[in-house]
Amino acid sequence: MRGLRANPRGAVVCAAVVSLLLVAALMACTATSTGTRDEGPARSEPVASSPTGAASPTPRVKRADAVKLLKADPEVDAGIKRDLKPCVGDEYPVDVSYGDLTGAKVSDVVINVLTCGDAVGVGAYVYRVAAEGEAAEEAAATQGYVNVFRNETPPVYAEIDRGDLVVTRQMYDKGDSVAYPSGEEVVTYRWKDHSFAERFRQHNDYSNTVTSEPPQALAETPSPARSEGAPAA
């Protein structure tokens, strides 16, 4: 039975060939797999797409006649209405700002009423465009706005700061002049549940080295008197 005897060298060669084929097959599969993973299947949505409604649209600015709005508002103090007169010509002492404070589709209106002489804030107000069916009669008289904030304790001034309402009141001690208060109180409000809620309160004291008197000009030092007959320098 010599013809049936196995050839060890041939077995080794066959084993090596099979091993090479297996390695080649694995490399081909790996390359194919890696290429598929790198490319990836087509996606129906962009990966970096932002959720719908994440960014709210900028509210539309609707110009308001601040003086007529204040005089038509029954919540504004009668004395402030009476004293609200032009300072020069037809220029009224009012500052008006528009911005998003309440999340309405139309910008909110912040109005500060000042004095003509010293520009001291005597009243600060915020108006929001009336929602459908909200205070219909009042809104009709006030250009479609409703009063959602007022502070009539002078001196006061309101501003819009990154979506918050910031109200500043100057603080005076006895003997302080209007131009030089002793400090200030700053209150930050945020719109919540259909009204402004206080978030922060900060008090600042000013330096007491500042006075109301203007700095005096430095007097020139007079030259010493020259004696009669003395030679000029």
Side-chain angles (χ1 to χ4, degrees), residues 55-132 134-135 138-171 178-179 181 183-204 206:
S56 57
T58 303
R60 176 174 57 89
V61 175
K62 174 187 174 184
R63 300 291 178 182
D65 188 325
V67 175
K68 290 183 178 180
L69 181 56
L70 292 169
K71 291 187 175 183
D73 185 359
E75 296 188 27
V76 176
D77 180 74
I80 291 180
K81 291 182 181 181
R82 182 181 61 251
D83 296 335
L84 186 54
K85 300 176 182 179
C87 296
V88 178
D90 58 352
E91 296 293 329
Y92 284 85
V94 293
D95 289 345
V96 185
S97 301
Y98 300 88
D100 183 11
L101 287 171
T102 68
K105 294 182 179 180
V106 178
S107 293
D108 304 302
V109 185
V110 178
I111 303 176
N112 289 283
V113 181
L114 313 171
T115 60
C116 287
D118 301 313
V120 174
V122 295
Y125 309 88
V126 178
Y127 290 91
R128 179 179 188 269
V129 67
E132 186 176 354
E134 178 186 5
E138 177 186 348
T142 54
Q143 306 169 47
Y145 289 98
V146 291
N147 189 323
V148 292
F149 180 89
R150 66 187 177 98
N151 187 321
E152 297 173 331
T153 305
V156 62
Y157 198 89
E159 299 174 282
I160 301 173
D161 184 9
R162 292 170 293 184
D164 290 335
L165 175 65
V166 180
V167 180
T168 303
R169 289 193 61 241
Q170 303 293 333
M171 311 299 291
V178 174
E184 67 177 7
E185 190 171 65
V186 183
V187 184
T188 302
Y189 298 90
R190 177 164 292 181
W191 184 258
K192 182 180 180 181
D193 298 332
H194 307 290
S195 63
F196 283 103
E198 181 179 327
R199 296 188 66 229
F200 307 109
R201 183 177 290 265
Q202 177 180 338
H203 182 88
N204 301 317
Y206 298 151

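Numbering of residues begins at 1 and proceeds along the displayed sequence. Treat the numbers as computed from the prediction; the structure is a model and nothing was measured. Both backbone and side-chain heavy atoms feed into the values below; hydrogens, waters and symmetry mates do not.
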Crowded around Lys71 NZ? As in, over 12 foreign heavy atoms under 6.0 Å?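 Yes, the 6.0 Å shell around NZ holds more than 12 heavy atoms from other groups.
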Using side-chain heavy atoms (C-beta onward) and a distance below 4.5 Å, is [X] in contact with [Y]?
| X | Y | answer |
| --- | --- | --- |
| Val129 | Lys105 | no |
| Leu84 | Val94 | yes |
| Asp73 | Tyr145 | no |

Taking every non-hydrogen atom, the tightest pair across [X] and [Y]:
| X | Y | result |
| --- | --- | --- |
| Thr168 | Glu184 | CG2-OE1, 3.5 Å |
| Ala124 | Ala158 | CB-CB, 3.7 Å |
| Arg82 | Lys85 | O-CE, 3.3 Å |

[atom2] on [Y] to [atom1] on [X], rounded to 0.5 Å:
| X | Y | atom1 | atom2 | value |
| --- | --- | --- | --- | --- |
| Tyr127 | Lys62 | OH | NZ | 13.5 Å |
| Leu101 | Ile160 | CG | CD1 | 4.5 Å |
| Leu165 | Trp191 | CG | CH2 | 10.5 Å |
| His203 | Arg169 | NE2 | CZ | 11.0 Å |

Ignoring hydrogens and geometry, is there a side-chain-to-backbone donor-acceptor pair from Asp161 to Asp164 under 3.5 Å?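 A pair under 3.5 Å: no.
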For Thr102, the option from Arg128, His194, Lys192 that meets side-chain contact (heavy atoms from CB on, under 4.5 Å):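 By the side-chain contact (heavy atoms from CB on, under 4.5 Å) criterion, Thr102 pairs with just one of Arg128, His194, Lys192: Arg128.
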